[in-house]
Amino acid sequence: MSVKAKVLFIEDDPDQIFLYQTKFKLEGYDFISAKNRLNGVKMALEERPNLILLDVLLGNENGIDILRDLKTNKEIKNIPVMVFTNFDKEDTVHQAMSLGAVDYVIKSKVVPSEIVQRVAGILKIK
Amino acid sequence: MKNKSETIETGYAGCLNQNCWLVKNLGYAPYRRCQYCDFKFRNCLFLHYQIVSAILIVLSFSAFLLVEGKLSVLAIISIFVLVIVYGYFFNKSTEKIVQANFAQRKAKETLEKFNEKLKDMVDEQTKDIQDKAEHLGKLLKMRSEFLDIASHQLRTPTSVIKGTLAMMKEGDMEKMSTEEKAHFVEGMFQKSVKLESIINDILVASEMDTADFDIKVDDQIELDQFLEKEVKDHQFDAEEKKIALSFEKLSSGPFKIKGNAKYLEQVVDNLLSNALKYTPQGLIKATIKNDKDSAIIAISDTGIGIPKEDLERIFNKFIRGKNACDAYTDGSGLGLFIIKRVMDRHIGSKVWVESEEGKGSTFYLQFPLIET
């Protein structure tokens, strides 16, 4: 089975990583993850994923800063970033969208199959 | 000509003739005091009358002595009487003007004082309203931040539980290995435990987060026995993690304090649980000693420690050390906040921490003794 696309998940909670990694892999995606800002940007540069799923609260780090890093780097700024978090604050949503996020999804409001569908939609994968 | 109020203020209340020849040329205008307002003024015309009268008397007597004519004496006496009458009425009218000016001045002063008082009252009330609005704004911001973070903390385990159940429902579990299935079941169990712990912490923390939060601190507690019991209660968890947990009394006591046993149990439990959670290997020591009129509990571990940059805010709500978040632990970030709030309600007590990242932490609790 050929790999549909490569997804990078920047997230610090191992349970979340395991959950979405299992689901995306079952659906035929290559799924990689990074736990913090430094590794997230580094992996985006090295692995060139087709899409990045980005959490907002990563310990003491702010996902919005990571998004800014990703979108100001010429080499990776065109990789679509979907903010995927449980932090539901209007200001943060506006901030993320104005920085160029393709979507802002609240984890607890979707199930893994829905997020796979949304990713497929963005990447135009049938 | 100056108006009346100006006249009052410049000190010439009684003098209507500012171009008076005597005032201008001889500087003769001695001060009088106003009988109503104690205001100094020059009543020069009244004085002129006296001077003119005196001159006329001298002149009339001189004339009488010189001409010995009856008509001239009568004329002089008439003039003298006229001057007296004129002076008397003029003086009366001057007094009326002064009286009117005084009343006007008093009314003005009263009005100014009233205005000033009114302005002060309005300023004070405006400031009071501004302070209250600012305080309310801060409270609303705190509430909003609390809800944002609390909802995030609650949603995180929920989303894992919900996601796993959704995968089971959609038949994904059948495609997984036994290890993966076991991992999911364990993950769901841990997340439900965390969810319960966060709900409890949030309920306690939100109760403590109000300005009028108060607790009764009238339980008499033998702190050494209390600590020893808490350590015993955590022995099982320590053994499971292969961590050496010990209790030691470093001085002979006494250790009797006044406090709230229920909340202090939570304080010590949080500290020992944290020590166990953030110590992958090594040992945890709980000690108690006397220091002057107080007892000091120290709970030290050889765990991951707290980064220097996190030390100052480690007792704030939802704050966890960066390395604590990196390590896989399920803290809500409320444990130390609860400890701080409980210790703040025990008068004379305090909590502080000494820590070095990678080497371990020591949390201290100090209580005043009731018997020395």
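So you know, we letter chains A, B, ... as the sequences are listed, proteins then strands, and number each from 1. The basis for the numbers below is simple: all heavy atoms, side chains too, and nothing from hydrogens, waters or symmetry mates.
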Might you confirm whether atom [atom1] of [X] has over 12 heavy atoms from other residues, nucleotides or ligands at distances under 6.0 Å?
| X | atom1 | value |
| --- | --- | --- |
| B:Lys181 | NZ | yes |
| B:Lys285 | NZ | no |
| B:Lys162 | NZ | yes |
| B:Lys241 | NZ | yes |

Spacing of [X] atom [atom1] and [Y] atom [atom2] [to the nearest 0.5 Å]:
| X | Y | atom1 | atom2 | result |
| --- | --- | --- | --- | --- |
| A:Asp88 | B:Arg155 | CG | CZ | 4.5 Å |
| A:Lys23 | B:Thr164 | NZ | OG1 | 11.5 Å |
| B:Ser159 | A:Leu19 | OG | CG | 7.5 Å |
| B:Thr156 | A:Lys107 | OG1 | NZ | 6.0 Å |
| B:Leu154 | A:Asn86 | CG | CG | 10.0 Å |
| B:His183 | A:Asp15 | NE2 | CG | 5.5 Å |

Quiz item: Do you know which two heavy atoms are closest between A:Pro112 and B:Gly163, and how far apart they sit?
Solution: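 Answer, listing the atom of A:Pro112 first, then B:Gly163: CD-CA, 3.5 Å.
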Quiz prompt | Check against side-chain contact (heavy atoms from CB on, under 4.5 Å), B:Val160 and A:Phe18 | solution = CA-CA 10 Å; B:Val160 173; A:Phe18 182 73; over 6 Å; no
Self-check item: Aromatic plane relationship, B:His152 with A:Phe87 - under 30° parallel, 30 to 60° tilted, over 60° perpendicular
Solution: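 Geometry flag for B:His152 against A:Phe87: perpendicular rings.
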Exercise. Under 4.5 Å heavy-atom distance to chain B, tell me which part of A:Val56 shows up: side chain, backbone, both or neither.
Key: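 When you check distances to chain B, no heavy atom of A:Val56 falls under 4.5 Å.
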Quiz item: So what's closer than 4.5 Å to chain B heavy atoms on A:Ile115: side chain, backbone, both or neither?
Solution: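 Contact with chain B is absent: no heavy atom of A:Ile115 under 4.5 Å.
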Practice problem: Flag the pair A:Val111 / B:Lys169 as yes when at least one side-chain heavy-atom distance between them is below 4.5 Å, and no otherwise. | Solution: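 Of all side-chain heavy-atom pairs linking B:Lys169 with A:Val111, none is under 4.5 Å.
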Practice problem: Would you mind checking which part of B:Met176 comes under 4.5 Å of any heavy atom in chain A, side chain (CB onward), backbone (N, CA, C, O), both or neither? | Solution: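 Only the side chain of B:Met176 comes within 4.5 Å of chain A.
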Quiz prompt | Engaged part of B:Glu180 at the chain A interface, taking heavy atoms whose separation is under 4.5 Å | solution =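 Interface part for B:Glu180: both.
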Quiz item: Is A:Asp13 paired with B:Lys191 through a side-chain N to carboxylate O contact shorter than 4.0 Å?
Solution: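 Salt bridge between B:Lys191 and A:Asp13, a charged N being under 4.0 Å from a carboxylate O: yes.
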